[in-house]
Amino acid sequence: MVRTRYAPSPTGYMHIGNLRTALYEYLIAKRYGGIFILRIEDTDRNREVYGAVEKIRQTLRTAGLAYDEGPDAGGEFGPYVQSERVEIYMRHAQELVDKGKAYYCFCDKKRLESLDDGLGNSKYDRRCLNLSKEEVKRNLDDGIPWVIRQLIPEGDTAFVDQVYGEITISNSELDDQILIKSDGMPTYNFANVVDDHLMLITHVVRGNEYLSSTPKYNLLYDAFGWQIPTYIHLPLILNEKGEKLSKRRGDASFEDLLEAGFLPEAIVNCIALLGWSPSDNQEIFSLEELSRSFDLKGLSKSPSTFDVTKLTWMNGEYFRRMDPEKFYELSLGSLKESVKLKSVDLKKVAELVQPRINFIHEIPALVDFIDALPEYDASLYTHKKMKTNSQNSLESLKKALQALESLDCWDEQSLHARIFKLIEELGIKNGQMLWPIRTALSGKPSSPCGATELCALLGRDLSLKRLRLGIEKLISCSD
RNA sequence: GGCCUGUUGGUCAAGUGGUUAAGACACGGCCCUCUCACGGCUGUAACAGGGGUUCGAAUCCCCUACAGGUCACCA
């Protein structure tokens with residue numbers, strides 16, 4: 001049984017890199033009919049941000065990444081919040097101490113700092129390693145602050161990552177890492193290993209910033225005599241500046257993107273393709289399709305840059321493919337806001353607008369002419385490709401007005417028939433009639449539909465009124 | 001600085017010794033068209049550099065450069 005976990009620390013919002021990790025963990029679990037778990041890693045009390053856990057849950061929910069086990073989902077391996085598991089870590093640390101694979105350390109911060117070589121290397125010198133049992137007990141009884149450190153053995157540690165292949169690191173690179181901090185809390189490294197084992201995690205999926213510390217984990221698994229999980233390290237996602245995404249730098253969060261008008265499905269789809277590609281060239285994937293197609297072989301090693309342009313295209317693609325009924329519901333708020341005229345069929349407007357937008361917020365600018373004819377210049381009637389100018393436009397509008405005034409049936413079909421008949425009678429180009437009408441009715445260089453559809457949309461009274469206005473405008477400008 | 005990893009068009013990204021080096025986004029052109037958009041067709045544009053190995057290298061090896069990661073009582 002495949003079991004994966006998303007194990008965030010509640011230190012803020014989820015940027016898209018975090019989300020992608022969660023997504024892949026979800027997909028790997030689902031792909032193999034496994035279990036996806038949420039575990040909160042809140043062992044650093046100082047960095048905890050109020051409300052962050054709720055934000056994480058909310059994000060996962062909106063993205064559709066339902067977890068099978070977790071703080072609010074239950075499961076038989078709980079609790080799923082690390083701060084509620086401190087005794088477990090302490091017990092396990094003690095076990096290692098008893099086995100001689102870890103030891104108490106009483107060195108204070110000051111001494112540790114003196115070990116720093118200024119280049120980022122501050123390897124612990126194992127001063128406390130050889131403390132006798134009695135000395136340790138005395139220090140403990142005296143209430144001297146302590147930590148528990150792991151004794152890193154000599155040699156090399158090698159492991160196989162599913163993405164990066166075999167990696168070997170010399171243990172001399174590794175510090176005797178702290179397992180239990182002086183506040184009694186476990187370090188991330190320790191809690192992570194203990195929990196992954198206890199929660200029967202089979203596939204550890206995480207960003208490749210953990211690649212070089214993975215040997216530490218393995219040494220811990222070895223010290224306990226536990227089985228090492230399958231490792232899947234993911235290439236990083238970079239921002240436009242080529243830097244690793246970070247919350248501190250304010251890089252795009254899932255919420256920001258939602259706020260900007262992106263659909264959750266589009267976001268998920270888009271980030272799924274950052275660092276992974278399917279065996280065919282499919283680009284649009286539902287979450288369900290992803291969990292069927294996801295394959296470790298498609299994972300990439302090299303970092304990628306998140307590009308909003310592509311997401312924007314994909315967002316439009318999602319709108320275009322959306323069920324018209326659903327699109328109508330989604331756009332209704334915006335439509336009602338921008339079109340107050342009761343005679344206008346909003347469903348029709350939604351239909352017209354659907355293939356033309358990447359964002360809902362683009363709707364108002366597309367339909368603003370419906371309620372109020374914008375101020376426009378008579379030069380709009382002159383269109384080279386349509387072969388129109390103010391003179392022939394004026395003629396066309398006059399004829400059109402005349403023809404339409406006497407039209408009995410004001411529906412798109414009749415309008416279309418009448419106008420095209422008129423064109424034929426006059427022996428002019430389609431554009432020479434249609435462009436002036438479209439212009440007079442919309443007052444804009446472009447509109448979400450053509451002349452005849454505009455007539456139908458606006459209704460008889462409004463259409464005729466705007467045709468007359470157009471005529472007046474052309475007459476006054478030719479004076 | 002040590003260690004680890006990476007480097008195919010502007011971006012995403014196929015490719016695993018022999019290809020005219022896919023495809024998508026973006027950009028340009030054309031077509032379709034009742035404007036715009038959609039759609040269709042098409043164009044510009046890439047194997048970081050240098051050495052090897054090989055009949056043959058984007059693919060294998062080495063070196064260099066660049067980028068990122070990591071070296072915490074952060075996760």
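The chains referred to below are lettered A, B, ... by the order of the sequence lines, with proteins before strands, and numbering in each begins at 1.
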* **side-chain contact (heavy atoms from CB on, under 4.5 Å) against A:Ser302, all qualifying residues, sequence neighbours excluded** => A:Ser300
Of the candidate nucleotides [options], which contains the atom at the shortest distance from the side chain of [X]?
X	options	result
A:Arg356	B:C36, B:G39, B:A13	B:C36
A:Ala451	B:C34, B:U5, B:C74	B:C34
A:Ser302	B:U7, B:C3, B:A75	B:U7
A:Phe420	B:C74, B:U7, B:C34	B:C34
A:Ser182	B:A75, B:G69, B:C73	B:C73
A:Cys449	B:U35, B:C12, B:A75	B:U35
A:Thr452	B:C34, B:C3, B:C73	B:C34
A:His416	B:A75, B:C34, B:A13	B:C34

* Residues in salt bridge (Lys or Arg N to Asp or Glu O under 4.0 Å) contact with A:Asp411, at least two apart in sequence or another chain -> none
* **Contacts of type salt bridge (Lys or Arg N to Asp or Glu O under 4.0 Å), residue A:Arg126, not counting sequence neighbours** =>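 A:Arg126: salt bridge (Lys or Arg N to Asp or Glu O under 4.0 Å) contacts with A:Asp176.
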With a 3.5 angstrom cut-off on both distances, give the Watson-Crick or G-U wobble partner of [N], or none if there isn't one.
N	answer
B:A21	none
B:G28	B:U42
B:A48	B:U64

* To do: Classify the side chain of A:Lys216 versus the base of B:U70 as yes if they form a donor-acceptor pair under 3.5 Å and no if they do not.
  =>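 For A:Lys216, whose side chain was compared with the base of B:U70, there is no donor-acceptor pair (under 3.5 Å).
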For residues 447-454 of chain A, please give each side-chain donor-acceptor pair under 3.5 Å, one per line with the distance, not counting sequence neighbours.
| from | atom 1 | to | atom 2 | distance (Å) |
| --- | --- | --- | --- | --- |
| A:Ser447 | OG | A:Arg438 | NH1 | 2.7 |
| A:Ser447 | OG | A:Cys449 | O | 2.8 |
| A:Glu453 | OE1 | A:Gly450 | N | 3.3 |

* **Residue pairs fulfilling ring-ring contact (aromatic ring centres under 6.0 Å, His included) with at least one residue in residues 351-372 of chain A, sequence neighbours excluded** => A:Phe262-A:Phe359, A:Phe359-A:His361
* Sort and list the pairs that fulfil ring-ring contact (aromatic ring centres under 6.0 Å, His included) and have at least one residue in residues 419-438 of chain A, not counting sequence neighbours. => A:His383-A:Trp435, A:His416-A:Phe420
* Can you sort out which residues in residues 428-442 of chain A have a heavy atom within less than 4.0 Å of RNA chain B? Ascending by number, please. =>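 Residues of residues 428-442 of chain A under 4.0 Å from RNA chain B: A:Leu434, A:Trp435, A:Arg438.
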* With a 4.5 Å limit on heavy-atom distance, are the side chains of A:Tyr124 and A:Cys107 in contact? ->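 In contact.
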* Would you say a side-chain N or O of A:Thr187 is under 4.0 Å from OP1 or OP2 of B:C73? ->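 So the side-chain polar atoms of A:Thr187 never come under 4.0 Å of the phosphate oxygens OP1 or OP2 of B:C73.
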* To do: In whole angstrom, give me the gap between the C1' atoms of B:C47 and B:C38.
  => 35 Å
Any N/O pairs under 3.5 Å between the protein and nucleotides 23-25 of chain B? List them or say none.
| from | atom 1 | to | atom 2 | distance (Å) |
| --- | --- | --- | --- | --- |
| B:A24 | O4' | A:Glu283 | OE2 | 2.9 |
| B:A24 | O2' | A:Glu283 | OE2 | 2.2 |
| B:A24 | O2' | A:Lys310 | NZ | 3.2 |
| B:A24 | N3 | A:Lys310 | NZ | 2.9 |

Can you give each donor-acceptor pair under 3.5 Å made by side-chain atoms of residues 272-279 of chain A, sequence neighbours left out, with the distance rounded to 0.1 Å?
| from | atom 1 | to | atom 2 | distance (Å) |
| --- | --- | --- | --- | --- |
| A:Trp276 | NE1 | A:Asp295 | O | 2.9 |

